[in-house]
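Note on naming: letters A, B, ... go to the chains in the order of the sequence lines (proteins, then strands), and numbering restarts at 1 for each one. Worth knowing before you read on, the calculation uses all heavy atoms, side chains too, and leaves out hydrogens, waters and symmetry mates.
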Amino acid sequence: DARVTQTPRHKVTEMGQEVTMRCQPILGHNTVFWYRQTMMQGLELLAYFRNRAPLDDSGMPKDRFSAEMPDATLATLKIQPSEPRDSAVYFCASGRANEQFFGPGTRLTVL
Amino acid sequence: GENVEQHPSTLSVQEGDSAVIKCTYSDSASNYFPWYKQELGKRPQLIIDIRSNVGEKKDQRIAVTLNKTAKHFSLHITETQPEDSAVYFCAASLPMYSGGGADGLTFGKGTHLIIQP
């Protein structure tokens, strides 16, 4: 049963530090998404890639967030510098056709 | 962009009864409407979806209906069981890019479904 994997599962860091989150999509899926979940805002789309090309990053704060997909088996989301308001669960999802399947998430706490 | 409203925010039903969660969307061009179930501390799990060319879809105890004219869709769970307790999210997707593949989802705020024994 293929699943999206994410590392790390939990990350606690101090304000100003760089944070990198990694995602391995399901083999054969051509689209990879990054979402963020908070109590206040719910689930929000940050960015997504299709066939490794960035399609949309309009949901992402451009000044501190960056997303890349260096190869078909790895997507990364980087925050530099991190701020307390970035504390959230960050989910990666992958899909083909319409369906999207979520990874377990990275719970980020910025102190 | 798309906007999805979901009601109610909390729904408590007796075990064995039915539960209905409703969502509305704003952009008539949206063409894909999935529902996700999320248990505490877990990932959202796709439970059922419907495309805009279909009015209703059923999978065992769950069903989804879509009214394109009114721009609303609903999740129906029959014969509810304790394991149905979770937060349920509806979502909508606009076809933004060609080339085949999924597009980003706009989610509702979620419904906390509580099944009373």
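Using a 4.5 Å cut-off between heavy atoms, A:M40 touches chain B through its backbone atoms (N, CA, C, O) alone. Only the backbone of B:K42 comes within contact range of chain A, with at least one heavy atom under 4.5 Å from a heavy atom of that chain. B:P34 does not touch chain A: none of its heavy atoms, backbone or side chain, sits under 4.5 Å away.
Counting heavy atoms from C-beta outward, A:Q17 and A:P81 have side chains that stay 4.5 Å or more apart. At a threshold of 4.5 Å between non-hydrogen side-chain atoms, the residues B:L46 and A:E99 count as touching. Counting heavy atoms from C-beta outward, B:T10 and B:I114 have side chains that approach closer than 4.5 Å.
Of all the listed residues (A:G59, A:G103, A:G42, A:G105), the one sharing the greatest number of non-hydrogen pairs under 4.5 Å with chain B is A:G103. With chain B as partner, the option from A:R107, A:E44, A:R96, A:Q41 having the largest number of non-hydrogen pairs under 4.5 angstrom is A:Q41.
Residue B:R61 qualifies as enclosed at atom CZ: its count of foreign heavy atoms under 6.0 Å is above 12. Annotation: A:E83, atom CD; neighbour count of heavy atoms from other residues, nucleotides and ligands within 6.0 Å is above 12.
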